[in-house]
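Chain letters run A, B, ... following the sequence lines, proteins first and then strands; every chain starts at 1.
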Number of protein chains: 2
Amino acid sequence: MSKESRHAIRPRTLEAILDAAIRLFNADSGVTMTDIAKAAGVGRATLHRHFQDKDDLIQTLSARCMEEMNAAVRATDIPDEPAVKRLHAMLKSAIPLGDRFAFLSFERMEGEDLQSDYEEQLDWTTALIEQLKTEQAIATDVPTSWAVAQVDQVIWTAWTAVWNSELTPDEAANLALRTLLNGLS
Amino acid sequence: MSKESRHAIRPRTLEAILDAAIRLFNADSGVTMTDIAKAAGVGRATLHRHFQDKDDLIQTLSARCMEEMNAAVRATDIPDEPAVKRLHAMLKSAIPLGDRFAFLSFERMEGEDLQSDYEEQLDWTTALIEQLKTEQAIATDVPTSWAVAQVDQVIWTAWTAVWNSELTPDEAANLALRTLLNGLS
DNA sequence: CTAATATGATACATAGTTGTCTCATATTCT
DNA sequence: AGAATATGAGACAACTATGTATCATATTAG
């Protein structure tokens with residue numbers, strides 16, 4: 001959003017645009033600016049007023065999603081709790097944000113900030129896995145990278161199940177926790 | 001491939017096109033016919049000679065990938081073996097076909113044949129899960145749809161790990177099997 | 001070798017998307 | 001109420017991807 005010097009954006013306009021964009025991109029990657037404008041109930045010119053590029057919009061959206069995920073995870077980060085409890089808390093708050101998660105895996109990450117935010121997220125999960133190992137909640141001979149990948153994937157699977165109305169968010173989080181702890185032991 | 005009545009296609013030309021298309025689509029969904037032609041080392045006109053549409057190309061490609069996956073899975077389908085062994089055999093042959101698997105999840109499935117091929121695949125996995133339950137290899141209170149989703153996801157995770165040179169195909173298959181059996185128990 | 005034909009290169013028309021600009025209207029702020 | 005300004009609608013140009021047609025060349029088959 002590099003054009004905000006020329007025009008302020010109204011909060012509900014911004015939200016409508018970003019919400020619509022997330023929704024559309026999650027359904028189909030070949031989304032046009034016109035599609036987004038229509039879905040947001042906003043004039044097409046308004047998009048170009050506030051976003052220099054389509055890339056600019058995507059990057060803004062990526063940053064937003066990444067921040068929401070990071071914030072949700074950080075909120076569960078209570079150092080004194082055992083790792084299993086922290087994992088469960090993380091799953092419970094991350095799974096409902098599956099659309100944000102999905103967006104981040106669909107679009108390529110450009111920009112230094114975004115990249116470092118992603119690495120922070122990765123480091124956080126890696127640290128959690130290692131703590132789970134020291135607490136003997138999971139096996140030490142499982143490669144950490146495998147465990148981290150499993151955590152990411154299970155969030156995605158859980159969100160999909162919730163999305164398909166096969167599970168409630170809590171059921172999904174419980175199943176995800178159980179699948180991870182057993183699966184990596 | 002509805003235009004083959006007018007022009008025969010040379011086998012190596014077809015293979016070059018399909019290989020390039022799979023490779024490019026797996027890296028980025030916004031692939032143009034020009035990109036595919038260049039990557040295949042083939043004239044752009046040749047693509048339009050043999051594929052009525054871009055959709056036609058994608059559909060042909062989807063069908064090809066689906067067939068390869070089905071064939072690989074069917075080859076492991078030895079009814080007399082225990083379900084655990086069949087699962088392991090399936091993982092070992094499916095994981096190296098991760099690019100085919102990826103293509104199928106990226107592109108929307110159109111066409112009746114493709115849809116029924118997909119359902120056949122889904123039914124196969126569902127049956128395997130239920131057999132694993134009767135053999136008490138996994139817990140019966142785990143929703144079958146969750147287990148099926150886990151199988152699909154773990155193939156993807158395993159392939160990614162192999163792709164990143166973090167694991168060998170055999171290591172990945174073993175880890176995948178272990179993760180599934182423990183995770184769903 | 002020779003005929004048939006699949007391919008490559010190029011030019012071309014078409015359609016869709018992007019991005020800019022302008023002006024009237026609606027919204028917000030004082 | 002009145003001023004400032006964000007928005008919507010539309011016209012516009014530039015660019016890109018798609019798809020067609022043609023002809024010379026390379027490949028294959030008989």
Side-chain angles (χ1 to χ4, degrees), chain A residues 1-64 103 106-108 110-111, chain B residues 1-64 103 106-108 110-111:
Chain A
M1 263 214 305
S2 44
K3 275 190 181 172
E4 44 181 352
S5 48
R6 301 181 68 85
H7 281 275
I9 189 169
R10 293 212 263 255
R12 39 166 296 174
T13 303
L14 179 61
E15 293 310 314
I17 291 173
L18 298 184
D19 284 357
I22 285 187
R23 200 159 8 98
L24 293 182
F25 273 112
N26 284 347
D28 170 24
S29 67
V31 183
T32 70
M33 297 294 261
T34 308
D35 293 334
I36 297 172
K38 270 189 212 156
V42 152
R44 194 170 65 89
T46 302
L47 263 68
H48 290 100
R49 246 188 288 266
H50 300 293
F51 301 95
Q52 199 164 24
D53 249 11
K54 195 178 177 180
D55 281 345
D56 187 27
L57 170 59
I58 291 175
Q59 200 171 336
T60 302
L61 206 39
S62 299
R64 161 80 58 121
F103 188 84
F106 287 163
E107 295 300 326
R108 193 175 306 278
E110 295 167 11
Chain B
M1 259 211 310
S2 44
K3 275 191 182 174
E4 44 183 350
S5 47
R6 302 179 69 82
H7 280 276
I9 189 168
R10 294 210 263 254
R12 40 164 295 174
T13 303
L14 178 62
E15 293 311 313
I17 291 174
L18 298 184
D19 284 357
I22 286 187
R23 199 159 9 98
L24 293 183
F25 272 110
N26 284 347
D28 170 25
S29 67
V31 183
T32 69
M33 297 295 260
T34 308
D35 293 334
I36 298 173
K38 270 188 211 156
V42 152
R44 193 171 66 91
T46 301
L47 263 69
H48 290 99
R49 246 189 289 266
H50 298 293
F51 301 96
Q52 200 164 26
D53 251 8
K54 195 178 178 180
D55 282 345
D56 187 26
L57 170 60
I58 291 176
Q59 200 170 336
T60 303
L61 207 38
S62 300
R64 162 79 59 118
F103 188 83
F106 286 163
E107 294 300 327
R108 193 175 307 277
E110 296 167 10

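- Among the heavy atoms of the strands, none lies under 4.0 Å from A:G30.
- Distance A:D53 CG to C:dT18 C1': 10 Å, rounded to the nearest Å.
- Proximity of A:H50 to the phosphate of D:dT7: a side-chain N or O atom is located under 4.0 Å from OP1 or OP2.
- Atoms CG (A:D56) and P (C:dT18) sit 14 Å apart, rounded to a whole Å.
- For the pair A:L24 CG and C:dT17 C1', the interatomic distance rounds to 16 Å; values are reported in whole Å.
- For A:A16 against A:A40, the heavy-atom pair with the smallest separation is O-CB, 3.5 Å.
- Between B:T13 and B:I17 the shortest side-chain heavy-atom distance falls below 4.5 Å.
- For the pair B:I36 CD1 and D:dA17 C1', the interatomic distance rounds to 12 Å; values are reported in whole Å.
- Between A:T13 and D:dT7 there is a side-chain polar atom (N or O) within less than 4.0 angstrom of OP1 or OP2.
- A heavy-atom distance below 4.5 Å is found between the side chains of B:F25 and B:I36.
- For the pair A:M33 and A:L57, the minimum side-chain heavy-atom distance is below 4.5 Å.
- For B:D35 and D:dT16, the CG to P distance is 13 Å, given to the nearest whole Å.
- The shortest distance between side-chain heavy atoms of A:R64 and A:L14 falls below 4.5 Å.
- Taking only side-chain atoms of B:A45, from C-beta outward, the nucleotide of C:dT18, C:dA9, C:dA6 with the closest atom is C:dA9.
- Taking only side-chain nitrogens and oxygens, B:T46 comes nearer than 4.0 Å to OP1 or OP2 of C:dG8.
- Between the side chain of A:R49 and the base of C:dG19 there is no donor-acceptor pair of N/O atoms closer than 3.5 Å.
- Residues A:A37 and A:R44 approach most closely at CB-CA, 3.7 Å, considering heavy atoms.
- Taking 3.5 Å as the limit, the base of C:dG8 and the side chain of B:R44 contain no donor-acceptor pair of atoms between them.
- For the pair A:K38 NZ and D:dG8 P, the interatomic distance rounds to 15 Å; values are reported in whole Å.
- Following rounding to the nearest Å, A:E15 (CD) and D:dT7 (P) show an atom-to-atom distance of 13 Å.
- A:Q59 places none of its side-chain heavy atoms less than 4.5 Å from the side chain of A:D53.
- When rounded to the nearest whole Å, the span between CG of B:L47 and P of D:dT18 equals 10 Å.
- Checking C:dT7, C:dT18, C:dA6 against the side-chain heavy atoms of B:A8 singles out C:dA6 as nearest.
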inquiry  = I need a per-nucleotide contact map over nucleotides 24-30 of chain D, read 5' to 3'. Cutoff is protein heavy atoms under 4.0 Å; write B for the base, S for backbone only, - otherwise.
reply    = ---SS--
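- Phosphate contact (OP1/OP2 of C:dA6, side-chain N/O of B:H7, threshold under 4.0 Å): present.
- The side-chain heavy atoms of A:F51 and A:I58, taken from C-beta on, include no pair separated by under 4.5 Å.
- When the side-chain nitrogen and oxygen atoms of B:H48 are compared with OP1 and OP2 of D:dA17, none of them lie within a distance under 4.0 Å.
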